[in-house]
Amino acid sequence: MLSDFESLQPGDCVIQNAANSGVGQAVIQIAATRGIHTINIVRDRPDLHKLTERLKSLGADHVITEDTLRKPEMKELFKKVPRPRLALNCVGGKSATELLRHLQKGGTMVTYGGMSKQPVAVPVSALIFKDVKLRGFWVTQWKRDHAHDREKVQAMISALCQLFLQGKLSAPASTEVPFRDYQTAVQDSMKPFVSAKQILVM
């Protein structure tokens with residue numbers, strides 16, 4: 001998603017919601033290796049400071065809440081980083097609308113999830129005056145579309161493996177749970193504001 005929709009250069013900026021998700025954490029780390037700034041949106045929570053520090057340790061430039069995204073403070077933020085050329089939307093609803101508001105003219109928003117189960121509402125002004133582009137991403141379809149281009153797929157996998165080996169890309173935090181305790185894992189995964197993945201061990 002960082003490569004297929006906009007030709008991002010060092011110094012450019014990406015904004016994303018659900019930044020503490022597995023995809024969000026990967027975006028932060030990969031963008032950091034390319035010199036791309038990230039503005040990362042998360043829901044407010046009791047341990048916000050702890051989450052912010054964890055995402056910044058991965059390479060996040062800015063971590064803000066959904067509420068802050070709607071406030072005048074964003075003008076101050078854009079004095080430090082350029083407006084994003086690319087927005088990554090995994091939430092939908094009002095969150096997606098706010099991402100669109102902050103895109104630079106001609107920018108692109110890519111939707112790859114809909115956690116809020118709300119439709120993406122697009123302000124007419126964003127289309128007329130900013131000429132933003134709306135795209136979708138589904139990894140299964142991406143694989144189908146590139147099934148004939150094995151070199152491109154292998155190059156991508158190789159690049160990601162190199163980042164892992166160099167310690168520049170890591171998997172999301174996880175908790176290993178014996179399979180016999182699967183009910184505990186399911187319950188823990190349903191708790192609010194839990195970022196750790198539950199891995200069942202056979």
Side-chain angles (χ1 to χ4, degrees), residues 1-45 48-92 94-113 115 120 122-123 126 129-137 139 156 159-160 162-164 166-173 195:
M1 289 191 292
L2 285 173
S3 301
D4 286 8
F5 301 97
E6 288 282 347
S7 298
L8 299 174
Q9 303 297 322
D12 283 339
C13 184
V14 173
I15 189 169
Q16 63 169 342
N17 53 28
N20 58 313
S21 67
V23 171
Q25 292 179 51
V27 166
I28 289 169
Q29 295 173 86
I30 296 170
T33 68
R34 300 182 182 181
I36 298 168
H37 300 291
T38 55
I39 301 173
N40 303 280
I41 318 303
V42 298
R43 290 181 296 166
D44 199 3
R45 63 194 64 210
L48 179 61
H49 177 73
K50 183 178 179 181
L51 175 61
T52 297
E53 290 303 311
R54 182 160 64 83
L55 295 182
K56 286 191 172 182
S57 73
L58 296 176
D61 294 287
H62 303 280
V63 180
I64 61 177
T65 65
E66 294 276 0
D67 287 339
T68 303
L69 192 61
R70 303 179 178 95
K71 293 181 178 179
E73 292 96 287
M74 292 300 293
K75 291 182 180 179
E76 294 300 315
L77 177 59
F78 291 127
K79 292 179 181 178
K80 303 174 185 176
V81 294
R83 284 188 175 270
R85 291 181 59 187
L86 177 68
L88 301 178
N89 168 44
C90 181
V91 178
K94 292 181 180 179
S95 179
T97 304
E98 291 300 321
L99 292 186
L100 280 171
R101 284 184 58 235
H102 297 300
L103 274 178
Q104 66 175 250
K105 186 176 180 180
T108 301
M109 183 173 79
V110 179
T111 294
Y112 67 96
M115 292 170 57
V120 173
V122 183
F129 302 118
K130 296 178 70 176
D131 192 26
V132 298
K133 299 180 287 292
L134 303 178
R135 301 289 303 275
F137 179 80
V139 70
M156 179 190 71
L160 293 175
Q162 286 300 313
L163 292 179
F164 270 109
Q166 294 167 7
K168 297 179 180 178
L169 180 61
S170 59
S195 299

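Distance check, rounded to the nearest 0.5 Å: CZ of Arg43 to CG of Asn20 gives 7.5 Å. Rounding to the nearest 0.5 angstrom, the gap separating the CD atom in Gln29 from the CG atom in Leu55 is 9.5 Å. With values rounded to the nearest 0.5 angstrom, Ile39 atom CD1 is found 4.5 Å from Leu77 atom CG. Note that CG of Leu48 is 4.0 Å distant from OG1 of Thr52, once rounded to the nearest 0.5 Å. Between the CD atom in Glu53 and the NE2 atom in His49 there is a gap of 4.5 Å [rounded to 0.5 Å]. With rounding to the nearest 0.5 angstrom, the CG atom of Asn40 is 9.5 Å from the NE2 atom of His62.
Closest approach of Lys71 to Asp67, counting heavy atoms only: CG-O, 3.4 Å. The minimum heavy-atom distance between Cys90 and Asn17, with the atom names listed, is N-OD1, 2.7 Å. Taking both residues in full, the closest heavy atoms of Ala87 and Leu99 are given as CB-CB, 4.2 Å, listed atom of the first, atom of the second, then distance. Nearest heavy-atom pair across Ser21 and Tyr112 is OG-OH, 4.2 Å. Taking both residues in full, the closest heavy atoms of Phe78 and Pro84 are given as CE2-CD, 3.7 Å, listed atom of the first, atom of the second, then distance. Pro172 and Gly22 make their closest contact through CG-CA, 3.7 Å (heavy atoms, listed as atom of the first residue, atom of the second, distance).
Around NZ of Lys133, the count of heavy atoms belonging to other residues, nucleotides or ligands within 6.0 Å exceeds 12. The neighbour count for Met156 CE, taken as heavy atoms of other residues, nucleotides or ligands under 6.0 Å away, is above 12.
Arg85 places a side-chain N or O within donor-acceptor distance of the main-chain N or O of Ser7, the cut-off being under 3.5 Å. A donor-acceptor contact shorter than 3.5 Å links the side chain of His102 to the backbone of Leu69. Between the side chain of Lys168 and the backbone N or O of Thr33 there is no donor-acceptor pair closer than 3.5 Å. Proximity of a side-chain donor or acceptor of Arg70 to a complementary backbone N or O of Glu66 within less than 3.5 Å is detected. Glu98 contributes no side-chain N or O that, together with a main-chain N or O of Lys94, makes up a donor-acceptor pair within less than 3.5 Å. For the pair Asn89 (side chain) and Val110 (backbone), a donor-acceptor distance under 3.5 Å is absent.
Side-chain polar atoms of Gln16 and Thr38 form no donor-acceptor pair below 3.5 angstrom. Residues Thr68 and Glu73 bring no donor and acceptor atom of their side chains to less than 3.5 Å of each other.
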inquiry  = Determine whether Met109 and Leu103 satisfy the following criterion, side-chain contact (heavy atoms from CB on, under 4.5 Å), listing intermediate values before the conclusion.
reply    = CA-CA 8 Å; Met109 183 173 79; Leu103 274 178; 4.2 Å; yes
task = Any chance you could lay out the side-chain contact (heavy atoms from CB on, under 4.5 Å) test for Leu86 and Met1, step after step, and finish with the verdict?
result = CA-CA 9 Å; Leu86 177 68; Met1 289 191 292; 5.7 Å; no
key: Derivation and outcome, side-chain contact (heavy atoms from CB on, under 4.5 Å), residues Thr97 and Val122   = CA-CA 6 Å; Thr97 304; Val122 183; over 6 Å; no
request  = Report the C-alpha separation of Val63 and Lys56 in whole Å, then their side-chain angles, then the decisive distance to 0.1 Å, and conclude whether the side-chain contact (heavy atoms from CB on, under 4.5 Å) test is met.
outcome  = CA-CA 8 Å; Val63 180; Lys56 286 191 172 182; 4.3 Å; yes
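The existence of a salt bridge linking Glu76 and Lys79 is confirmed by a sub-4.0 Å separation between a basic side-chain nitrogen and an acidic carboxylate oxygen.
Counting only heavy atoms from C-beta outward, the side chains of Ile41 and Ile64 approach each other to under 4.5 Å.
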